[in-house]
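Being a predicted model, the structure only gives us computed values, none of them experimental.
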Amino acid sequence: MPEQPVPQQSVHEQAAPQQAAPQQSVPRQSTTATSARPRARRPVARGVGAAVAAVSIAVAAFGSVTSAAAGGDPTRSVTLVAPAAAGGGWDGVARSMQQAQRANGIVNSVQVVNMPGAGGTIALGNVARLAGQTDTLLVGGTGLLAAEIQFGSAVTHDDITPLAVTVEEYDVIVVPADSPYETLDDLVSAWRERPGSVPWTGGGSFDQLVVTDLAVSAGIDPKDTNYIPSDGGGEAIQALLNGTAAAASGGYPDNIDQIESGRLRALALVAAEPVEGIDIPTAVEQGHDVTLTNWREIAAPGGLDREQRAQLTDIVLDTLDTPEWADAMERYHWTERIITGDDLDAFIDEERARITALYEELGR
């Protein structure tokens, strides 16, 4: 079927936290008995008024899209909601899926809507309101699950239908090239001796969770850590280079250029096992059980039956089989990790417990 051009909509302002209308929790259902596909491993707001305006614009744009196609056939028209401004990781997933689905006729008309705010929970609340509809998909992942906990969101993953984890991205522990810390053990030893004397930074809340996990592993009270939040990976790198921070945890894609140029020294990759194409020892190999990854998922509204969930899961899996998606994985340095069905439900429950425990370590 010929592709119909659809204008993209995006919202760039940050939004303040907003609670969605109360939702009834909808139990998730498994799609198939076999919930994972074996795949070849690939290398790897300035004020309240402005924030409210941003949310209003996002919801209005989202409503205009979904009301036109409510309850429709997802192979004809789908809206992909990225719960952050254009240009970030969730937006990259949404636009890569859009390109792959259009190019291969998986979905005829695909539109991306950016809906930032409160770590993604603004978008989560709006998608949860569409219970029973199959033509809207939400991009999420570790960060969204963490935001539910951090902001005490009234709407959670229990109110949507997770379809698949698609990829994961790894953090890397880095220091400036002229740092006295040559190894992860050097850094941890100095940090353990005087926790407040080693200022850390990172590009977002996920990065702080990784630092917290490393502190716990090293026997350091995370509340004693001097952590300097940065607004994105670029700002975190600048804090390292200008001496504001001594160490950072950040996404490998954000840091690879600085590592390869010799401006930053990579001490550890935060992954469960060595990753093909990344010549950095893992924290696990160096005696620290730190494996929290930035996984990305696709979810739908709640209230779907088994057949609806299976159809949408198949659309996602078909998208992951396209050359366009393979190109995106290489471009963004993603590693494929596919989890669906009952395994996905169990995985999200485990990750929720894990992230909750880390926030408790931070005293939140």
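Counted by atom type alone, S230 and T201 present one or more donor-acceptor pairs between their side chains at under 3.5 Å. Side chain to side chain, S205 and Q208 fail the donor-acceptor criterion of an N or O pair below 3.5 Å. Side chain to side chain, E148 and S153 fail the donor-acceptor criterion of an N or O pair below 3.5 Å. Side chains of D185 and Q286: no donor on one and acceptor on the other come within 3.5 Å.
Within the 4.5 Å cutoff, the side chain of L312 has no heavy atoms near those of the E307 side chain. Under the 4.5 Å side-chain criterion, counting only non-hydrogen atoms from C-beta, I338 is not in contact with T166. No side-chain heavy atom of M97 sits less than 4.5 Å from a side-chain heavy atom of R102. At a threshold of 4.5 Å between non-hydrogen side-chain atoms, the residues Y181 and V188 do not count as touching. The side-chain heavy atoms of P222 and V216, taken from C-beta on, include a pair separated by under 4.5 Å. When side chains are defined from C-beta on, H333 counts as touching I256, because their heavy atoms get closer than 4.5 Å. Within the 4.5 Å cutoff, the side chain of I122 has no heavy atoms near those of the P116 side chain. Under the 4.5 Å side-chain criterion, counting only non-hydrogen atoms from C-beta, L240 is in contact with L264.
For V81 against P83, the heavy-atom pair with the smallest separation is O-CD, 3.6 Å. Taking both residues in full, the closest heavy atoms of M329 and T335 are given as CE-C, 4.0 Å, listed atom of the first, atom of the second, then distance. Between A299 and I160, the closest heavy-atom pair is CB-CD1, 3.7 Å. Here the closest heavy-atom approach between residue I149 and residue R352 is recorded as CD1-O, 3.8 Å. Counting all heavy atoms, side chain and backbone alike, Q133 lies closest to L304 at O-CD2, 3.7 Å. Heavy-atom minimum distance, A103 versus E324: CB-OE2, 3.6 Å.
A salt bridge between R95 and D91 is present, with a side-chain N of the basic residue lying under 4.0 Å from a carboxylate O of the acidic one. A salt bridge links R296 and E169; the closest N-O separation between the charged side-chain nitrogens and carboxylate oxygens is under 4.0 Å. The pair R129-D159 does not meet the salt-bridge criterion, since no charged nitrogen lies less than 4.0 angstrom from a carboxylate oxygen.
S189 places no side-chain N or O within 3.5 Å of a backbone atom of D186 that could act as its donor or acceptor partner. The closest donor-acceptor contact from the side chain of R76 to the backbone of V107 lies at 3.5 Å or more, if one exists at all. Judged by distance alone, the side chain of Q98 and the main-chain N or O of V110 form a donor-acceptor pair under 3.5 Å. In this structure, the side chain of E260 does not engage the main chain of D257 through any donor-acceptor pair within 3.5 Å. Put simply, the side chain of E285 gets close to the backbone of T282: a donor and an acceptor are under 3.5 Å apart.
A distance of 7.0 Å separates CD1 of I315 from CD of Q101, quoted to the nearest 0.5 Å. Here OG1 of T142 is found 6.0 Å from CD1 of I355. Values are rounded to the nearest 0.5 Å. Between L137 atom CG and E297 atom CD the span is 11.0 Å, to the nearest 0.5 Å. Atom CD of E351 sits about 10.5 Å away from atom OG1 of T356, to the nearest 0.5 Å. Interatomic distance, CG of D349 versus CG of L145, reported as 9.5 Å (0.5 Å rounding). L214 CG to W191 CH2: the interatomic distance, rounded to the nearest 0.5 Å, is 4.5 Å.
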### Intermediate values then yes/no, side chain to side chain contact (heavy atoms under 4.5 Å, CB included), V113 and L80
CA-CA 6 Å; V113 172; L80 289 165; over 6 Å; no
### Task
Using the salt bridge (Lys or Arg N to Asp or Glu O under 4.0 Å) rule, take D224 and R194 through it: C-alpha gap first, then chi angles, then the decisive distance, then the call.
CA-CA 9 Å; D224 293 336; R194 296 177 59 199; over 6 Å; no
### Query
Should D207 and W200 be marked as a side chain to side chain contact (heavy atoms under 4.5 Å, CB included) after you check the CA-CA gap, both sets of side-chain angles, and the distance that decides it?
CA-CA 10 Å; D207 299 328; W200 283 82; over 6 Å; no
### Task
Given side chain to side chain contact (heavy atoms under 4.5 Å, CB included), test N114 with V112 step by step and report yes or no.
CA-CA 7 Å; N114 293 87; V112 172; 4.2 Å; yes
### Task
Take W90 and L144 through the test side chain to side chain contact (heavy atoms under 4.5 Å, CB included) and record every step on the way to the result.
CA-CA 10 Å; W90 287 331; L144 181 57; 4.0 Å; yes
### Message
I'd like to know whether S249 forms a side-chain hydrogen bond (donor to acceptor under 3.5 Å, both in side chains) with D171, so could you lay out the CA-CA distance, the side-chain angles of the two residues, the decisive distance to 0.1 Å, and finally the verdict.
### Response
CA-CA 6 Å; S249 180; D171 257 23; 2.7 Å; yes
### Query
Given S96 and Q99, is the side-chain hydrogen bond (donor to acceptor under 3.5 Å, both in side chains) satisfied, shown in steps?
CA-CA 5 Å; S96 297; Q99 181 181 4; 5.7 Å; no
### Task
For W334 and W325, run ring pair (Phe, Tyr, Trp, His ring centres under 6.0 Å): C-alpha distance rounded to whole Å, both residues' side-chain angles, the deciding distance at 0.1 Å, then the answer.
CA-CA 10 Å; W334 294 331; W325 184 259; 5.4 Å; yes
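Other residues, nucleotides and ligands contribute over 12 non-hydrogen atoms within 6.0 Å of the CG atom of N242. Within a 6.0 Å sphere centred on CZ of R354, heavy atoms belonging to other residues, nucleotides or ligands number more than 12.
A continuous path of ILVMFWY side-chain contacts below 4.5 Å connects I259 to Y170, so both sit in one hydrophobic cluster. Clustering ILVMFWY residues whenever any of their side-chain heavy atoms sit less than 4.5 angstrom apart, transitively, puts V284 in a cluster other than the one holding L269. Both L292 and Y359 are members of a single hydrophobic cluster when ILVMFWY side chains are connected at heavy-atom separations under 4.5 Å. Following chains of ILVMFWY side-chain contacts shorter than 4.5 Å, one cannot reach I228 starting from I220, and the two form parts of different hydrophobic clusters.
Under the ring pair (Phe, Tyr, Trp, His ring centres under 6.0 Å) criterion, Y227 pairs with no residue, sequence neighbours left out.
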